[in-house]
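Take a look at the structure below.
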Amino acid sequence: MIAINQLKIEIRFEKDRAVAVDAHMLRKKAAKDLGIKEIQICELTVLKHSIDARKKPKLFHVYTLGVCLDGHAQEERVVKRCGNGNVSLYVPNPYIFPKSGLETLAQRPVIIGTGPAGLFCGYLLAKHGYKPILLERGDDVETRAKAVEAFWNGGRLNPESNVQFGEGGAGTFSDGKLNTLVKDKDGRNREALRIFVECGAPPEILYESKPHIGTDVLRKVVINMRELILKNHGSVRFGAKVTGLEIENGVLSGVIINDTDVIKTKNAVLAIGHSARDTFAYLENIGVSMEAKAFAVGMRVEHLQSAINESMYGAEHGAKLPAASYKLTAQTSVGRGVYSFCMCPGGYVVNASSEEGRLAVNGMSYSDRGSGNANSAIIVQVSPEDYGGSGALAGVEFQRWLEERAYVLGNGKIPVQYFGDYVKNEPSVEREDGFKPCTKGEYMFTNLRGLFPTPCETAFLEGMAQFNKVICGYAGADAILAGIESRTSSPVRIHRDADLQSPTVRGLYPCGEGAGYAGGITSAAMDGILVAEQIAKRYRTFG
């Protein structure tokens, strides 16, 4: 196969929308770039796609195409004749699950948590004959979605099943972004995306530079993954909170569920997610090796999606293309990085709380990204020196302190403020004819100034000023802030050694975002795949 990089096709517009690029147009352009006839192309595959808006109002589709000709020798001749860095022979990187190990697996492996790390680990182990048992403290995704909607409409918070806990993990109520910066020399990223498509995600995620599926599609994918795990003789139990571990001479021998039931096992994958604070505390108490780690905190910032589209695509075509996203970074005078995180085009700011008397927010979009507002977390780096305490759970307590303040500011609702008032340190009052928040969960206008520690607040304000130079009006008076974004990543890292096991409890595999080894849906899925491989390399299939 030949790979053609940086193949550009100018985007054409008719009436109020962009004209779609079809296979004939791609084939014609590929043949021209390779200096061959279209009939010589046996097969054409889109490997990557993005939009280039750097020369607006002219906009371009940018592709990497895989082109198959009649035989490898012909492909070599064409590449050599082109003599250009954008045309090369393509070497596929197929994912290969390892061969089974030699040790006998006397008891079924247990996976604690059904977020992306747990689900993908469970999927691979089930597919290859290891019959895993998946345990989830929260509800199945169907029951969970109803409970979360009820909470957003003024109902009671369920501390065991909410935006953070339940099947699919915290990412279930997000934009469903599937891009990652993690290196993929072993093909795990591609395999994760392939599994998403197998379970109902659109095939475009295999090549889009910023793949996303939205919370609505993601929920369907999660259900289909569960069904495949069950079909392959895995088990999934909901309302099954792991409250203890049985350990003999430093080796895992069982997991305790809801303080009563025991599952005997010598292998448990700890895929608990970044908000399992009670589990973190239990693990610290029994001496599992772990440490506080750096993360980031900030605010959700909302703008009109139409304004973001115009800034990204230009005034002429801003309304004719899918909702645009952005990525922003800044360095500040106080030595802290500020950056956008989990940007949700056409999304909602959601109440993502999981503990009574504490409030956290997140961003969420449906697959159509159609809310009318864009939001992103603008977050500031924090480290253990900021936490005001010591020990592995100091970051957890720092999060709780911030969330308690946010809860009080909003009287239990999402506290929001116009940015112009934030700058002036004045409380906001909702403007009847002004820009309004798009939220899931009730909101209340207030004064968010002072919610952060002073160095974080200084960095946030400086970052917003710098971002205003990149996106005109980003720091406008009518931009809306919502706080607090405190669950950007895990505040702890649970140590694991070269074979991915805890050095203090053998047979316990810390995994995914909660353990400090991932930062998003896809990287967590990839880590789950990695742990499944490690178990498979050691053991023969179960039974």
Side-chain angles (χ1 to χ4, degrees), residues 51 145 148-149 151-153 162-164 168-179 201-202 204-205 208-222 296 298-313 318-319 321-328 339-353 359-379 413-419 435-443 467 471 473-474 476 478-488 519-522:
I51 291 176
V148 168
E149 288 287 348
F151 169 62
W152 284 339
N153 290 323
N162 45 61
V163 171
Q164 305 295 343
T172 301
F173 297 94
S174 71
D175 183 56
K177 277 180 286 294
L178 302 178
N179 53 303
E204 292 80 23
I205 67 170
E208 287 293 345
S209 62
K210 297 178 181 179
H212 84 100
I213 55 177
T215 181
D216 46 339
V217 175
L218 184 55
R219 295 176 201 179
K220 296 174 184 176
V221 168
V222 167
M299 306 273 199
R300 282 276 150 184
V301 182
E302 284 192 90
H303 301 87
L304 282 172
Q305 184 63 52
S306 58
I308 300 300
N309 289 352
E310 185 172 320
S311 177
M312 296 294 106
Y313 299 139
L321 288 164
S325 62
Y326 58 79
K327 187 176 179 67
L328 301 167
Y339 52 97
S340 60
F341 171 79
C342 188
M343 194 267 157
C344 294
Y348 298 83
V349 175
V350 307
N351 187 331
S353 304
L359 189 140
V361 297
N362 194 12
M364 185 184 84
S365 298
Y366 295 96
S367 56
D368 67 358
R369 289 178 162 176
S371 78
N373 281 10
N375 76 73
S376 177
I378 299 300
I379 53 178
K413 302 175 182 178
I414 299 171
V416 299
Q417 185 177 21
Y418 294 111
F419 184 67
F435 176 48
K436 297 184 183 298
C438 275
T439 67
K440 291 290 185 177
E442 297 176 296
Y443 63 85
F467 300 156
I471 299 177
Y474 196 87
D478 286 343
I480 296 175
L481 309 181
I484 187 166
E485 180 94 12
S486 53
R487 312 283 183 96
T488 56
I521 293 171
T522 300

### Straight-line distance of Ile521 CD1 to Asn179 CG, nearest 0.5 Å
9.5 Å
## Note on the structure
Correct closest heavy-atom pair for Asn309 and Pro322 would be OD1-O, 4.3 Å
### Query
After noting the C-alpha distance and the side-chain angles of Thr439 and Tyr348, does the key distance pass the side chain to side chain contact (heavy atoms under 4.5 Å, CB included) rule?
CA-CA 5 Å; Thr439 67; Tyr348 298 83; 6.0 Å; no
### Task
Go through the steps for Asn373 and Phe435 under the test side chain to side chain contact (heavy atoms under 4.5 Å, CB included), then give the verdict.
CA-CA 9 Å; Asn373 281 10; Phe435 176 48; 3.1 Å; yes
### Summary
On a heavy-atom basis, the closest approach of Glu485 and Ile379 is CG-CG2, 4.2 Å
### Task
Apply side-chain hydrogen bond (donor to acceptor under 3.5 Å, both in side chains) to Glu149 and Asn153, showing your working.
CA-CA 6 Å; Glu149 288 287 348; Asn153 290 323; 4.5 Å; no
### Query
Hey, is the main chain of Leu178 close enough, under 3.5 Å, to the side chain of Thr522 for a donor-acceptor pair?
yes
### Message
If we ignore hydrogens and angles and just use 3.5 Å, is the side chain of Ser353 paired with the main-chain N or O of Ala360 as donor and acceptor?
### Response
yes
### Query
Would Tyr474 and Tyr326 count as a close aromatic pair, with their ring centres under 6.0 Å?
yes
### Message
Using a 3.5 Å distance criterion without hydrogens, assess whether the side chain of Gln305 forms a donor-acceptor pair with backbone atoms of Gly346.
### Response
yes
### Query
Would you say the side-chain atoms of Ser365 pair up with the backbone N or O of Pro345, donor to acceptor, closer than 3.5 Å?
yes
### Task
Quick one: pull up OH in Tyr443 and CD in Gln417 and give me the separation to the nearest 0.5 Å.
14.5 Å
### Message
Run the side chain to side chain contact (heavy atoms under 4.5 Å, CB included) test on Asn375 and Cys438 for me, step by step, so that the C-alpha distance in whole Å, both residues' side-chain angles and the decisive distance to 0.1 Å come before the verdict.
### Response
CA-CA 9 Å; Asn375 76 73; Cys438 275; over 6 Å; no
### Message
Tell me the closest heavy-atom pair linking Val350 and Met364, and the distance in Å.
### Response
CG1-CB, 3.6 Å
#### Entry: Backbone of Val148 reached by a side-chain donor or acceptor of Lys440 within 3.5 Å
no
